[in-house]
Amino acid sequence: MTTVKSTCPYCGVGCGVLLTPDGKGGLTVKGDPDHPANFGRLCSKGSALAETVGTDHRLLAPRVDGQDTDWDSALDLVADRFRAVIDEHGPDAVAFYVSGQLLTEDYYVANKLMKGFIGSANIDTNSRLCMSSTVAGHKRAFGTDTVPGTYEDLEEADLIVLTGSNLAWCHPVLYQRILAARKARPEMKLVVIDPRRTASCDGADLHLKLAAGSDVALFNALLAEIDRRGMLNQDWLDAHVEGAEDAIASAHACDPAITGLSDADLQAFFDLWIGTQKVVTIFSQGVNQSSAGTDKVNAILNCHLATGRIGTLGCGPFSVTGQPNAMGGREVGGLANMLACHLDLENAEHRDAVQGFWSSPAMPEKPGLKAVDMFKALSEGRIKALWVIHSNPAVTLPDADKVRDAVKGCDFVVVSDITERTDTARLADVLLPASAWSEKSGTVTNSDRTISRQRTVLEAPGQAQPDWWIMAQVAQRMGYAGFDWKEPVEIFREYAALSGIAGQFGRDFDISNLSQIDGGAYDAMQPFRWPQGPAKEGGRFFADGAFYHAGGKAKMLALTHRPPVSVQDGARPFRLNTGRLRDQWHTMTRTALSPRLSAHLPEPFVDMHPEDAAHLGLKPADLVRLTSPHGTAILRLRQTDDVAKGDVFVPMHWTGETAPAARIDALVAPVVDPISGQPESKASTVSAEAFVPAWYGFAISTGDLTPDCAYWARARTIQGWRAELAGDATPEDWETYARGLFGLPDADTQVLRDAKRGTFRIAFFDGEILLAAFYAGPQPVILMRDFLAGLPGTETLWALAGQARGDTPDPGPVVCSCFAVGRNTIFREIEGKGLTTVEQIGACLSAGTNCGSCKSELAGLLASVNVPAE
Ligand SMILES: Nc1nc2c(c(=O)[nH]1)N[C@H]1C(S)=C(S)[C@@H](COP(=O)(O)OP(=O)(O)OC[C@H]3O[C@@H](n4cnc5c(=O)[nH]c(N)nc54)[C@H](O)[C@@H]3O)O[C@H]1N2
Ligand SMILES: Nc1nc2c(c(=O)[nH]1)N[C@H]1C(S)=C(S)[C@@H](COP(=O)(O)OP(=O)(O)OC[C@H]3O[C@@H](n4cnc5c(=O)[nH]c(N)nc54)[C@H](O)[C@@H]3O)O[C@H]1N2
Ligand code: SF4
Ligand SMILES: [Mo]
């Protein structure tokens with residue numbers, strides 16, 4: 001089988017992969033040593049990609065009202081219904097909600113259809129929840145949405161500042177590149193700015209645990225100090241920047257105490273930042289997902305502009321993009337207030353040029369509805385037909401229960417997905433089967449503007465078709481010309497040609513040198529970064545001081561601190577921070593298919609400071625109920641001083657499919673940044689209390705497992721499933737309950753009952769093969785879970801003991817997912833062999849030697865054992 005070069009479908013690092021199909025529908029995945037993003041490295045998610053292909057979970061045919069059908073019927077229906085709504089209520093009564101995970105070619109078609117032909121700008125994307133504050137901040141400062149630097153800068157910097165970015169878990173290969181650079185040049189410094197201690201803090205020189213939402217105050221304080229120390233780059237400011245005086249005055253007026261940081265910490269940060277010429281400030285969702293997100297971005301950009309530290313080797317602000325094509329979506333104009341190729345929707349000349357290029361009948365003159373407003377319009381009946389493509393908004397939008405209800409209540413909802421098993425897909429009137437990664441073909445752009453190919457290596461199952469094809473078919477059936485492409489390369493050529501028009505308007509994004517590219521060259525396309533050509537030294541922007549505002553200058557902005565909108569008070573004393581885990585991707589529709597990835601953190605949780613937990617009377621492993629005015633969630637307690645007192649952290653990944661009580665966006669307030677419209681996903685306020693169920697349970701099985709009780713969370717294991725459960729009322733008969741849970745009405749059983757303690761254990765068998773087991777009691781059940789999870793499907797007659805026999809030690813929860821090495825195994829090795837370094841653990845157990853994503857966790861385990869002598 002031939003090996004094909006492609007790109008990882010997860011984060012915005014955009015790693016190159018080598019894919020070799022096995023001829024049986026599967027493939028092997030390796031890092032591409034030649035790709036400039038990763039040079040062969042992959043993280044745990046990339047390494048596990050092979051476990052997420054396959055057809056078990058796939059949607060195989062178009063489905064209308066729950067019935068499988070053929071493409072013609074489904075596409076005609078979608079075209080007719082959209083046409084009917086537009087004819088009756090106008091173009092603004094329909095909407096598309098799309099995704100930064102779409103390929104550029106898909107994205108281009110979606111935009112052309114909605115903005116150029118339907119004639120509405122009601123197309124927004126999950127990038128609104130992700131990158132829109134950065135887009136708005138870049139445009140305010142630079143006049144265009146441009147990331148100035150390249151990945152090489154992360155290695156060449158003398159100081160890296162991670163602001164609101166858990167790079168170790170969310171952009172693991174970039175983090176590994178930084179770690180490798182620090183190893184080669186130990187003088188390179190790392191500062192983390194995050195209210196929470198994260199894996200990215202291990203080995204950092206300084207962690208500023210700032211008060212949630214206080215980044216503007218912190219960077220204002222830095223700007224004021226730059227001025228105080230006489231470190232403004234006055235020549236550069238005079239030549240290339242407007243607004244410096246006002247910005248600096250506002251910075252002086254801002255009180256650094258707002259950050260909650262000690263003077264010593266502030267001074268240490270100022271010394272490092274001001275004293276290091278080659279500084280890269282990386283920022284991500286701790287900055288963007290805020291009601292002051294755009295100001296936070298500009299507060300960072302102000303400091304780089306004030307010192308002229310931008311666009312040179314190892315130097316500049318660096319927004320890391322989240323999704324694999326978040327950057328491509330920005331280039332192609334995916335947001336409701338943008339046109340393709342960094343042209344502006346509200347600029348009549350730009351609009352006319354694009355309309356001419358498309359020969360399109362109608363173009364909207366105003367921006368369309370931004371994501372949160374779009375779903376509000378949906379709930380109010382102003383949007384009457386919605387098409388969701390490659391996203392799961394019923395889980396990931398703020399006020400998610402309301403969003404879910406709005407989708408449910410909408411007259412006509414179309415969802416394009418690869419699986420029907422999502423909270424949003426389950427609500428669709430028409431469900432369209434999309435080809436998945438490895439089956440489709442196109443381009444994506446990563447965080448440093450490198451455009452890479454995704455290529456087809458597997459055949460799409462059933463009737464699945466690529467997203468661009470589905471949209472182009474609907475467009476043609478609506479009677480629109482200009483959608484009759486046969487291959488993605490034809491779309492790419494058209495898009496590249498359009499970027500030439502942008503170039504004529506002096507915009508930064510111009511790849512029109514590729515507008516004649518033929519199929520062969522497209523197939524062979526190597527990763528390349530824009531801008532192309534000699535114009536920009538090293539592929540960076542702005543070192544020459546040429547910005548994109550009308551006068552050619554950059555702008556510094558005068559900024560004041562605004563606290564998060566949701567108020568912390570006696571009724572809602574906790575600030576709810578949300579974010580990501582190392583081994584899961586968003587709503588888990590793909591990563592949760594991998595038993596390895598599911599083993600790292602198999603259950604949703606809330607991180608709470610031990611003093612807060614004690615104050616609420618909570619014990620380890622208790623369940624906690626969080627409540628906001630919008631919704632409620634039940635989560636397992638993890639006590640940790642990683643979070644500050646008064647803060648709680650909950651991962652965003654669990655859904656109706658995996659843990660219906662733990663959909664955390666149900667609690668998040670639909671509050672947005674006034675400029676970007678990006679939701680404040682990290683600073684809602686909630687109350688917390690113990691959730692005391694009548695019983696707790698744990699289940700393992702070879703077969704499917706869908707519990708029905710107040711709280712449950714399930715995860716894949718190598719042989720099947722594992723689940724945590726808790727119920728409000730004790731079932732009358734445990735055996736009946738357990739048989740129903742597993743769908744095993746007749747299987748042989750072993751039962752262990754302790755009437756006095758109220759505990760019950762049951763195991764189901766086929767001969768001596770364990771099919772399933774269930775453990776319940778009035779208290780959290782203490783078991784060797786990770787050991788038990790491996791038992792179903794094996795000959796086991798002693799599962800009821802709930803623990804390993806003496807000779808089989810419990811591995812504990814997985815730390816290294818590449819080699820499935822558990823925490824207990826690592827502890828035993830550390831203690832038994834007296835290990836003191838991460839490298840030694842790797843040598844003994846292989847842990848951390850493949851992707852390296854768990855190295856910081858290994859360091860944490862070592863630190864907890866090797867407490868230095870006083
Ligand atoms: N494993 C994994 N990787 C991913 C993804 C995934 O789902 N899983 N998703 C991808 C996507 S789409 C994205 S957008 C990126 C996101 O990547 P990141 O932005 O790095 O991830 P998050 O965990 O959302 O948030 C980052 C940090 O912001 C901190 N934070 C919260 N409030 C504040 C604040 O007020 N100020 C500051 N300075 N920090 C704050 C949080 O504590 C958190 O540690 O990850 C990408 N990579
Ligand atoms: N509380 C809180 N909420 C957040 C965030 C947070 O930090 N905290 N982060 C926000 C951010 S940054 C982001 S990016 C969003 C992400 O949120 P979503 O985009 O809603 O989440 P995903 O799980 O990535 O959804 C992608 C969907 O596309 C489907 N899919 C996979 N491949 C294909 C394909 O090839 N074609 C099609 N048509 N479908 C496909 C998947 O099965 C899945 O249902 O969440 C946002 N929500
Ligand atoms: S860092 Fe991991 S998830 Fe991101 S692109 Fe690379 S392999 Fe994929
Ligand atoms: Mo994102």
Side-chain angles (χ1 to χ4, degrees), residues 7-17 29 31-32 35 37-38 41-49 99-101 125-132 134 161-177 192-201 208-216 218-219 259 282-293 296 300 319-324 326 396 444 446-447 452 563-564 575-588 590-591 597 600 607 642-644 647 649 651-653 678 680-683 851-853:
T7 312
C8 175
Y10 297 125
C11 83
V13 178
C15 295
V17 288
V29 182
D32 178 356
H35 196 287
N38 56 319
R41 293 180 179 90
L42 290 180
C43 76
S44 49
K45 292 180 298 302
S47 307
L49 272 167
S99 171
Q101 296 166 64
T125 135
N126 59 8
S127 286
R128 181 71 58 194
L129 321 180
C130 184
M131 303 312 307
S132 61
T134 289
V161 180
L162 296 179
T163 316
S165 154
N166 182 8
L167 206 76
W169 279 12
C170 296
H171 299 87
V173 165
L174 287 185
Y175 187 72
Q176 293 301 323
R177 283 180 67 166
V192 180
I193 301 172
D194 194 313
R196 182 172 74 105
R197 190 192 308 127
T198 66
S200 305
C201 300
L208 298 181
K209 246 181 163 182
L210 82 175
S214 65
D215 303 73
V216 169
L218 177 61
F219 282 90
T259 62
I282 295 177
F283 53 99
S284 186
Q285 298 316 335
V287 168
N288 292 334
Q289 287 173 341
S290 160
S291 57
K296 286 184 178 187
I300 294 169
S319 142
V320 279
T321 52
Q323 301 177 88
T396 50
V444 289
N446 74 3
S447 294
S452 306
R575 186 143 317 270
L576 170 65
N577 183 4
T578 64
R580 291 158 171 80
L581 301 180
R582 189 190 76 192
D583 288 355
Q584 294 298 346
W585 179 260
H586 298 163
T587 65
M588 292 163 114
R590 288 173 287 167
T591 41
L597 295 180
H600 182 227
D607 279 346
D642 287 352
V643 294
D647 285 356
F649 173 81
M652 64 171 288
H653 303 292
Q678 177 152 356
E680 184 150 72
S681 311
K682 294 190 166 7
C851 77
S853 312

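Both counts, for ligands and for their atoms, begin at 1 and track the order of listing. All values derive from a computational prediction rather than experimental measurement. Below, all heavy atoms of this structure are taken into account, side chains as well, without hydrogens, waters or symmetry copies.
Taking the side chain as every heavy atom from C-beta outward, Cys11 and Lys45 never approach each other to under 4.5 Å.
Contact analysis leaves Thr591 out of contact with ligand 1, as no non-hydrogen atom separation drops below 4.0 angstrom. For Asn38, the closest heavy-atom approach to ligand 3 does not fall below 4.0 Å. Not a single heavy atom of Met652 sits less than 4.0 Å from an atom of ligand 1. Note on ligand 1: Lys296 sits in its first shell, one or more heavy atoms being nearer than 4.0 Å.
In terms of N/O distances under 3.5 Å, ligand 1 is not approached by His653. Taking any N or O of His171, backbone or side chain, none lies under 3.5 Å from an N or O belonging to ligand 1. Considering backbone and side-chain atoms together, Cys170 places an N or O closer than 3.5 Å to an N or O of ligand 1.
Short contacts between ligand 3 and Gly14, defined as distances under 4.0 Å to a heavy atom of the residue, involve ligand atoms 5 (S). The Leu42 neighbourhood of ligand 3 comprises atoms 7 (S), with distances under 4.0 Å to a heavy atom of that residue. Proximity to Gly213 (heavy-atom distance under 4.0 Å) selects the following atoms of ligand 1: 34 (C), 35 (O). Distances below 4.0 Å separate heavy atoms of Arg196 from the following atoms of ligand 1: 42 (O), 43 (C), 44 (O). Short contacts between ligand 1 and Arg582, defined as distances under 4.0 Å to a heavy atom of the residue, involve ligand atoms 1 (N). Close contacts of ligand 1 with Gln323, meaning ligand atoms under 4.0 Å from a residue heavy atom, involve 12 (S). When each atom of ligand 3 is checked for a heavy atom of Lys45 under 4.0 Å away, the hits are 3 (S). The ligand atoms of ligand 1 that sit less than 4.0 angstrom from a heavy atom of Cys130 are 14 (S). Heavy-atom proximity to Thr198, at under 4.0 Å, picks out these atoms of ligand 1: 44 (O). Atoms of ligand 3 found under 4.0 Å from any heavy atom of Tyr10, numbered from 1 in the order shown, are 3 (S). Residue Ser165 approaches ligand 1 through these ligand atoms, each under 4.0 Å from one of its heavy atoms: 20 (O). Below 4.0 Å from some heavy atom of Gly579 lie the following atoms of ligand 1, by number and element: 23 (O), 24 (O). Of all atoms in ligand 3, listed by their number and element, those nearer than 4.0 Å to a heavy atom of Val173 are 1 (S), 6 (Fe). Which parts of ligand 3 touch Pro172 is read off a 4.0 Å heavy-atom cut-off, strictly below it: atoms 1 (S).
Proximity of Lys45 to ligand 1, defined as any heavy-atom pair under 4.0 Å, is confined to the side chain (atoms from C-beta onward). The proximity of Trp169 to ligand 1, defined as any non-hydrogen pair under 4.0 Å, is limited to the backbone.
Closest non-hydrogen pair, Ser319 versus Thr134, comes out as OG-CG2, 3.3 Å. Among all heavy-atom pairs drawn from His586 and Gln323, the shortest one is CE1-CG, 4.1 Å. Shown here for Cys851 and Ser44, the closest heavy-atom pair between the two residues is SG-N, 3.2 Å.
Atom 8 (Fe) of ligand 3 has an N, O or S atom of Cys8 closer than 2.8 Å. Coordination check, Cys43 versus atom 2 (Fe) of ligand 3: passed, since an N/O/S atom of the residue sits under 2.8 Å. Taking 2.8 Å as the criterion, Cys11 counts as a coordinating residue of atom 4 (Fe) of ligand 3, since one of its N, O or S atoms falls below it.
Distances from atom 16 (C) of ligand 1 to the heavy atoms of Gln289, Arg580, Met131 put Arg580 nearest. Remark: among candidates Asp642, Asn577, Thr578, the nearest residue to atom 31 (C) of ligand 1 is Asn577, based on non-hydrogen atoms. Heavy-atom proximity to atom 20 (O) of ligand 1, evaluated over Leu162, Asn166, Asp607, is greatest for Asn166. The nearest non-hydrogen atom to atom 1 (N) of ligand 1, considering only Leu581, Leu597, Val13, comes from Leu581. One option in Ser200, Gly164, Cys11 has a heavy atom closer to atom 26 (C) of ligand 1 than any other, and that option is Gly164. Of the candidates Gly12, Ala199, Ala683, Ser284, Ser284 brings a heavy atom nearest to atom 18 (P) of ligand 1.
Using modelled atom types, one side-chain atom of Ser200 and one backbone atom of Leu167 make a donor-acceptor pair closer than 3.5 Å. No side-chain donor-acceptor contact under 3.5 Å links Ser452 to the backbone of Thr7. Looking at Asp642, its side chain never comes within 3.5 Å of a backbone N or O of Arg196 through a donor-acceptor pair. Side-chain atoms of Gln289 never come within 3.5 Å of backbone atoms of Gln678 as a donor-acceptor pair (strictly under, hydrogens ignored). A distance-only check finds a donor-acceptor pair linking the side chain of Lys296 to the backbone of Gly286 [under 3.5 Å]. Judged purely by atom type and a 3.5 angstrom limit, Asn126 uses its side chain to pair as donor or acceptor with the backbone of Gly100. Remark: side-chain polar atoms of His171 are paired, donor with acceptor, to backbone N or O of Thr321 under 3.5 angstrom.
Scanning all protein heavy atoms for the shortest distance to atom 6 (Fe) of ligand 3 gives Cys15 SG, 2.3 Å. Nearest protein heavy-atom contact of atom 11 (C) of ligand 1 is Gly322 CA, 3.3 Å. The single protein non-hydrogen atom nearest to atom 27 (C) of ligand 1 is Asp194 OD2, 3.3 Å, given as residue, atom name and distance.
Note on ring orientation: taking the six-membered ring where Trp is involved, the planes of Tyr10 and Trp585 are tilted (angle from 30° to 60°).
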